[in-house]
K.L.:
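I have a structure here, written as structure tokens, and I will follow up with some questions on it.
For the numbers below, each heavy atom of this structure counts, side chains included, while hydrogens, waters and symmetry mates do not. The residues of the chain are indexed from 1 along the displayed sequence. Whatever order the structure lists them in is the order used to number ligands and atoms, beginning at 1.
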Amino acid sequence: MRLHLLLLLALCGTGTTAAALSYSLRGNWSICNGNGSLELPGAVPGCVHSALFQQGLIQDSYYRFNDLNYRWISLDNWTYSKEFKIPFEISKWQKVNLILEGVDTISKILFNEVTIGETDNMFNRYSFDITNVVRDVNSIELRFQSAVLYAAQQSKAHTRYPVPPDCPPLVQKGECHVNFVRKEQCSFSWDWGPSFPTQGIWKDVRIEAYNICHLNDFTFSPIYDKSAQAWNLEIEATFDVVSSKPVGGQVIVAIPKLQTQQMYNLELQPGKRIVELFLNISKNITVETWWPHGHGNQTGYNMTILFELDGGLNIEKSAKVYFRTVELIEEPIKGSPGLSFYFKINGFPVFLKGSNWIPADSFQDRVTSELLRLLLQSVVDANMNTLRVWGGGIYEQDEFYELCDELGIMVWQDFMFACALYPTDQGFLDSVRAEVAYQIKRLKSHPSIIIWSGNNENEEALMMNWYHISITDRPIYIKDYVTLYVKNIRELVLAGDKSRPFITSSPTNGAETVAEGWVSQNPNSNYFGDVHFYDYISDCWNWKVFPRARFASEYGYQSWPSFSTLEKVSSTEDWSFSSKFSLHRQHHEGGNKQMLYQAGLHFKLPESTDPLRTFKDTIYLTQVMQAQCVKTETEFYRRGRSEIVDQQGHTMGALYWQLNDIWQAPSWASLEYGGKWKMLHYFAQNFFAPLLPVGFENENTFYIYGVSDLHSDYSMTLTVRVHTWSSLEPVCSCVTEHLVMKGGEAVRLYEEPVSELLRRCGNCTRESCVVSFYLSADHELLSPTNYHFLSSLKEALGLCKAQITAIISQQGDIFVFDLETSAVAPFVWLDVGSIPGRFSDNGFLMTEKTRTILFYPWEPTSKRAAIRQMERHSPASWRPYLEAWFQAQLLHPLLHFPKSHPGHREAQSSPPGDLLLRS
Ligand code: BMA
């Protein structure tokens, strides 16, 4: 047996004492259900669902309709138990604690058959004193109550007034009253996720034994002193002093790379003691600051802290310290009522580009380090700098924030309350207070976190009256709202963390919300704070439908995940857009119809005689639609950073909904369950590029704005090209004089009446031509090539069925796809199915005859496997054209236009010139 024994203190030299011993209770436990009919081994950390699956008692919970089939699991009351021998002499220790880093959720804990405590909050860390009950051989039992049943009881017991919503919409097939339990709110279902209200011990459990005194917590925040122009570090250490006499000694804090070492004397009185240390970093030393991705390095410094206490007791800690400042700027803007809402990092205004993060799985034990790294690497690979950790999920594991620090991802951290009103009875508040205090301590040293936010959409829910509360009752709910988010959460944030701003909700009006008594008449105002915006009815190619907001923290459109992802959890009869399965996985009312409606505005919908082909093509088209919609909306926000139009503007953030998926289902995500990039994620890589030309039309004039997130001005040129759909030769092309692209601005670079552009470019019509453009400077800086459609693609004239050849070769781990097309091809999609990895670009408009695309596998992959997958998953039926296993031919993905469509011409027999004549 491997001993999970950790000596927290090295026994170095004579006279040194062991400060503490820790014994982990990770690993194998026994699990049994309420009536004892099921007994099985289960891993800790883990949950009942995972244990049942590992024992072969259930199938994959995500397979087909298993979310409904396995509902019984979360309605039962399970018990986790374990017997164990402590591998050291426990009686020698003055104090012994049982530490539970995460319990999901409602449990009563028995240690050697004595009840030692209860848990009711999965976000809290629990510590129970077991000094008087612990023995050499022990038993531990966690008797869980179903969180679903508990929530129902709590809601029933709340008799004074209802706390809505009672239940999620039927389409979500979820459980009720989640707002009454401090548990991942989306685990009772969401509009993109299943209902799996897990039970279990989801984080580490251990026994800690110590004498004299013990360091319970250790946290710190770097603070910049503006007047002294120097950095300081505030360090806080919490001790439990069990010695009956004061414990004296000294502490040495060292940051060698900053040539900083400071020593302090201390004396700890018996009991719980907090030690606060203040470390000055000399002004003469250059401190490199931490920057978000795309703005600079993520420099961090190793710090050690050594407590040398009486009796040879040494306690040592080490940590990485990052220095950065963050300010939320809310100030008047010339020409616009209201206030700005943007972030300055290290004094520099930064446009926040990114998305919203949800839990990566219903079962947290499946969220591995590799998965987190892959998802977060995909964030920076798509030129994002921010993630909002949304309030309906979880406070993520330490590794998530460590990776964000390392990769330069700014985190907008919600507290875990979403889309609901919440009770405020004392028991609930006490639990929330413990949760909030703990999470602040755990997370505050991460530079990545730039803001705390009280909840998701609850100010809006209240003020826009989502739950139809009578106007006379509203004051009760406003009072509860202020009690929870202002008098408790905000107060704890202000006391625990001075290094970043706090807002009460998202969306909110920031300072205006405060001025209106913490709830604003219209929390989604364009003049203040952030907005959430969803509109599935209006045409998303028309930018005029989008709000000219200060900051868009949520917006988006749904799409279906790729067939290779769905295939793993479905069977043949599920593979159509109208199957029971397709309806079942759609948790957003009318979602499937909305997608087709939006796609139908600009594309012919697939209608092959082969139903599987139609299903695959429909999936593809929903991804095209989503990518194009979010592109248009994001580009609108980015080009609005420097201007005020109709008294609105200065948009400084665009975080689309949502980054990742919790399971394999239609959703707003750009990354599928498991991490595969949807077309939207490839688009994001381009529309979030630091340097981007954005094209759009206003009143029949075509404009190109240049958007720069760079810190300096650059001289560059803009190239604008026009192609007919029927030819790979541009009909016209122009390069501007050198322009100055101002750093951190969005400026108009180009404008031309559309009629003029069409006339100038050899008798173009809106339907026959497409515009593309890019910025370049001395061959060094280059923007992605962007494009503008002058008409819907369903009206495009001259668009051919392109034949695209892909010659695949391998260079080390990377695959090289040398593409050659016979005609202009929009939304060219390369798909290697479930082979983990990503392309350098995808879903692109191909206006040049050849193009090289790289595929970066995330795991070792053979070329043969890649090609086999390409054969299966290409949206077009190019299989017949496969010449050899190293050479594939692709057809243009839009070939599924019905033959009768006027925009569709068969290209095989006639050269493009011919086509042009005929159209
Ligand atoms: C917002 C989010 C989520 C939701 C999304 C899409 O309301 O905060 O609650 O999933 O929109 O509907």
K.L.:
My understanding is that only residues two or more places apart in sequence, or in another chain, count here; which of them pass side chain to side chain contact (heavy atoms under 4.5 Å, CB included) with Ser155?
P.N.:
His177, Phe180
K.L.:
Output yes when Glu491 and Arg433 qualify as a salt bridge under the 4.0 Å nitrogen-oxygen rule, no when they do not.
P.N.:
yes
K.L.:
Testing Asn592, Thr565, Thr622 for side chain to side chain donor-acceptor pair (under 3.5 Å) with Trp560, which one passes?
P.N.:
Asn592
K.L.:
Write out the protein residues near ligand 1, meaning a non-hydrogen atom under 4.0 Å from one of its atoms, in order of chain and number.
P.N.:
Trp190, Asp191, Trp192, Trp390, Cys419, Asn456, Glu457, Tyr534, Glu554, Trp657, Trp668
K.L.:
Should the ring pair Phe363 and Tyr62 be called parallel, tilted or perpendicular, given that the plane angle runs from 0 to 90° and is split at 30 and 60?
P.N.:
tilted
K.L.:
Taking the six-membered ring for Trp, is the centroid-to-centroid distance between Phe417 and Tyr485 below 6.0 Å?
P.N.:
yes
K.L.:
Pick out which of Trp390, Tyr401, Phe400, Tyr395 makes a ring-ring contact (aromatic ring centres under 6.0 Å, His included) with Trp357.
P.N.:
Phe400
